[in-house]
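So the structure is just underneath, and the comments pick up after that.
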Amino acid sequence: MTQPQMRERTWVQDVKPKVGERVRLKGWVHTVRELGKLVFVLLRDRTGTVQCKIKGQKEIAKQLEEEAAVELVGTVVEDPRAPDGVEVDVEEIRILAKPVEPPPIQINRPLDVIGMRLETILNHRALSLRHPEIGSALKVRSEFIWAFREYLRSQGFLEVQTPKIVAAGTEGGTALFAVQYFERTAYLAQSPQFYKQMLVGAGYERVFEVGPVYRAEEHNTTRHLNEYISLDYEMGFIDDFREITRVETELLRFMFEHVERTCPRELEIYKAELPKVPKEIPHVRLDEAISVLREKYHKHCEGDLDPEGEKLLCEYAKERWGTEFVFVTHYPREHRPMYAMPNEEDPSLTNSFDLLYKGLEITTGGQRIHDYHMLVESIRSRGLDPQDFEFYLEIFKYGMPPHGGLAIGAERLTAQLLNLPNVRQASFFPRDRTRLVP
RNA sequence: GGGGGUGUAGUGUAGCGGCCUAACACGCUGCCCUGUCAAGGCAGAGAUCGCGGGUUCAAAUCCCGUCAUCCCCGCCA
């Protein structure tokens, strides 16, 4: 007897309400527990795991190795002895692909039980992402990115894509990866900075981009990647830089609430607490931050905050304002790129900011120079040649509005929320000083 | 670019001059088990201790070099 609905696959998460029905499940063998003629298989698909029971099919059951891809047909039955009170009584088993050899890492045990070096996890990345704990971090990152898009679209921002192969070292500062571009040398973009500004000037006014950026820095730390996903936006006709931080505040609130809604399981796995994004995230001037650190923590920082200073400042913000977030503003000009807008009252400072979250910088942004002559002068004052920036400068000649924007590091944001000890854990296939594969 | 740490079965660790013929846990193989759920019981396989050199009667263990890797600082998201 054929039942037409049986051709359809049932997701593991939808099994529970189907008591009494026959279902067709597909997924991976998470665990196998043999008890003589009774075999329990925990089947895992992208939605979760469910217990399946196999009786008297010992020969076939023996082929069910862990991590085999399988298809099972059976009847959903209620049983108080089963986890979650429901299991699947298996009638048909199809092995779709059996493992060639035992996997080098165990997918079915908690990480704190089995232990695993990050190196091992990354060496076997596609496999390690199967591990529910490991893969969850990337689910959260994906939802962050989705929410970033959704919120900005709702505010009239247009999603754009800018070139990743560029002609010149755009911002200076960080080192660039050179690539062979036919007969010329080109570079991988360290940021969409110039192009997103140009698109504001192009009349779109508000643009955002989700894309990779490349930094050829030889840093080897838990918070740096040589390729990461930058969440950028840039907006025109602003009154002052506070308009940018206001948008980010609302954006972050939306993003965190979205993750809270869509990732309860993942947040539970990491015991991550959703931060409350305050109505107004405190703004602290850099010079004030430095004095606070000196007076309250006897911590000496010069010119900028070092990683320890960032942590202490966040402790201070938590204590004083009860928030994990703090904007650090008014960085000196010499510490900011040539396009950073000088402050009206003190031109040695800029209308720029960083956002710290739980002790780590997750955003840099600011108001940009929109006046053509001022920008040319700023370029010159850095010992650079405006001619090299003609492609960028042109639109500034024709009515460039006051504007500004920022960038959020997607991996850092994710790592901070989930308390990951290393940003690499928030990247599908991280690129670092030594890792180019997988 | 500067500094520190670590390399021992597939995985995670212990051992840090002789008792190491290298141990433990998980995984793997075989057998037993009809309620397992970090299953249990019995039996077994699997490591020239990253690599090269040196010291020593004796090296996984000490020294030098090398490679790999992790972390910190600078810089940054």
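Quick note on labels: first sequence line is chain A, next is B, and so on, each numbered from 1. What you see is a predicted model; the values in this text were computed from it and never measured.
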So does [X] get a side-chain nitrogen or oxygen closer than 4.0 Å to the phosphate oxygens (OP1/OP2) of [N]?
| X | N | result |
| --- | --- | --- |
| A:Thr221 | B:rC71 | no |
| A:Thr31 | B:rA38 | no |
| A:Arg109 | B:rG27 | yes |

Out of [options], which nucleotide sits closest to the side chain of [X]?
| X | options | value |
| --- | --- | --- |
| A:Gln51 | B:rG35, B:rC75, B:rC71 | B:rG35 |
| A:Arg81 | B:rG35, B:rA77, B:rC70 | B:rG35 |
| A:Asp304 | B:rG35, B:rC76, B:rG12 | B:rC76 |
| A:Thr222 | B:rC72, B:rA38, B:rA68 | B:rC72 |

Inset, instruction - Could you tell me how the ring of A:Phe254 sits relative to the ring of A:Tyr151: parallel (under 30°), tilted (30 to 60°) or perpendicular (over 60°)? - result: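 Rings of A:Phe254 and A:Tyr151: tilted, as their planes differ by 30° to 60°.
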
Legend entry - Aro-ring/base stack A:Phe40-B:rG35, d under 5.5 Å, angle under 30°: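 No, aromatic ring not over the base.
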
NZ/NE/NH1/NH2 to OD/OE distance under 4.0 Å, [X] and [Y]:
| X | Y | result |
| --- | --- | --- |
| A:Arg22 | A:Glu91 | yes |
| A:Lys299 | A:Asp306 | yes |
| A:Asp287 | A:Arg285 | yes |

Inset, instruction - With heavy atoms under 4.0 Å as the rule, sort A:Glu218 into base, sugar-phosphate or nothing. - result: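 Base, at least one base heavy atom under 4.0 Å.
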
